[in-house]
2 protein chains.
Amino acid sequence: MTTRPERREDALSRERIVGAAVELLDRKGEGGLTFRALAAHLETGPGAIYWHVANKNELLTAATDAVLAPAMTAEVTGTPQEVVRAVALGVFDAIEAHPWVGAQLSADPTQPAVLRIFERVGQQVRALDVPPSAWFTAASAVLHFVLGGGAQNAALARTLRDTTNRTDYLEAVAAAWADLDPDEHPFTRAVAAELRDHDDRVQFLDGVDLILAGIAGLR
Amino acid sequence: MTTRPERREDALSRERIVGAAVELLDRKGEGGLTFRALAAHLETGPGAIYWHVANKNELLTAATDAVLAPAMTAEVTGTPQEVVRAVALGVFDAIEAHPWVGAQLSADPTQPAVLRIFERVGQQVRALDVPPSAWFTAASAVLHFVLGGGAQNAALARTLRDTTNRTDYLEAVAAAWADLDPDEHPFTRAVAAELRDHDDRVQFLDGVDLILAGIAGLR
DNA sequence: ACCTGAACACCGTTCAAGT
DNA sequence: ACCTGAACACCGTTCAAGT
């Protein structure tokens, strides 16, 4: 029997690198992830990272999956509708906690994190007695809504993080909307007041329900 | 009466800069828009651009609106459902013609191009006899789906542009899906065959119809 | 008022050289 | 096998100086 060499505590590894990347992204935003900053944080040179990770894109993809995987593998029980709501909310919350995930999920439809969401949603679509010919469309519709809504919310969250007062900012946007040309933007004007005190989370879930209602009609 | 100074044909202006930016983005992709490349194209120094445009972000926002505005101001007649479909398709086609628009629309919910889409969709929601309390949710749902689906499609289009053969690439992804672990990804596996010969455009419109069906249920 | 272009403070990525 | 860090080829943005 051979003894394995003692692994240094602080040895570099893909996991440690990805973990540090997530930390950096969370603390400093998308602009904060730099091979130099990452290397400094891990106490190496920038070149060392390239031994474990091909490039920045791969690093971002891995960081996104690391952040999303827990929510997408959690066991949820309930009706298919309830599970879809839970999955959607899991994505929403992950994006709210890590705003950089919002843009990243929209950047590549073939990345593992997107596949996880698609799969979870698709399984529920199948459980809803949707005819097989509509499976793809139904699952894609939910996916697109979740990623689109998540990205919009993340962008807003990023702006809000830089703003001292959240209510003040939403107030300002609502005021701008209310000030729009009635001939050009009648709807947005009419809806401006609702922006002031709307709950993103509730509205997001209402949107999910809307699509679920549409899917129910496919039976 | 004073004579205005003769305006030089090649004088710099916001419009010329934005036009050149669109051209550069279309020809070279998101990475191709550089203040240096833009300046070279306009036969000036990079600093000159900053007299007309605050920064790169503002330039991207303006370029996005320039590309989307025509489709969003076009007159469309028909039922509210038909108009929503036309608007959604207008966004889809704009993104397909200018893939960089996909990511840009998801980057900032307050940008003018997004407001245009929201307004057009909202007006139709109102025409559909949706109760006022659901206006915001219904319009947002369509918006999120359109932006989410558009971004996904743009990302795919970007990958496909770098690939020699479109069918080969989709074939490869479909094969990868079909090879997934049946225990982890049963749905994606089951649906892999459909990816091979699905029509993005048709599927996108089917998704719009799904949401419209959900909205109809709000009455 | 508008343009010029050098300069500043950064980037991602590579690669010879080390251990 | 894995790490180091200097070097390459870039960026966005600023700003004194020009017209």
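Chain letters run A, B, ... following the sequence lines, proteins first, then strands; residues in each count from 1. Every heavy atom of this structure was used, including side-chain atoms; hydrogens, water molecules and symmetry mates were not. On a predicted model such as this, the values are computed, not experimentally measured, just so you know.
When the P atom of D:dC10 is taken as reference, atom CZ of B:Arg36 falls 10 Å away, rounded to whole Å. One interatomic measurement links the two molecules: CG of A:Leu38 to P of D:dC3, which rounds to 13 Å at whole-angstrom precision. Here the P atom of nucleotide D:dT13 and the OH atom of B:Tyr50 are 4 Å apart, to the nearest Å. If you measure from atom CZ of A:Arg14 to atom P of D:dC2, you get 14 Å, rounded to the nearest angstrom. With rounding to whole Å, A:Lys56 atom NZ is found 9 Å from C:dC11 atom P. Here C:dC3 presents its P atom at 15 Å from CZ of B:Phe35, a figure rounded to the nearest Å.
When both distances must be under 3.5 Å, the Watson-Crick or G-U wobble mate of D:dA16 is C:dT4.
Distance alone, capped at 3.5 Å, is enough to place a donor-acceptor pair between the A:His198 side chain and the A:Leu195 backbone. With hydrogens and angles ignored, the 3.5 Å screen pairs no side-chain donor or acceptor of B:His52 with any backbone N or O of B:Ile49.
With contacts defined as side-chain heavy-atom distances shorter than 4.5 Å, the pair A:Pro99/A:Glu30 does not qualify.
Distances shown here put a side-chain N or O of B:Trp51 below 4.0 Å from the OP1 or OP2 atom of C:dC2.
In this structure, B:Arg189 is not positioned above the aromatic face of B:Trp177 in the sense of NZ or CZ being under 6.0 Å from the six-membered ring centre and within 45° of the axis.
Summary of the strand contacts: B:Pro46 and A:Gly47 both lie near DNA chain C, and taking for each the nucleotide with the nearest heavy atom, the more 5' one is attributed to B:Pro46. For B:Ala48 and B:Gly31, each mapped to the nucleotide of DNA chain D holding its nearest heavy atom, the one lying further toward the 5' end belongs to B:Gly31.
Nucleic acid contact for A:Ile49: none, since no nucleic acid atom lies under 4.0 Å from a heavy atom of the residue.
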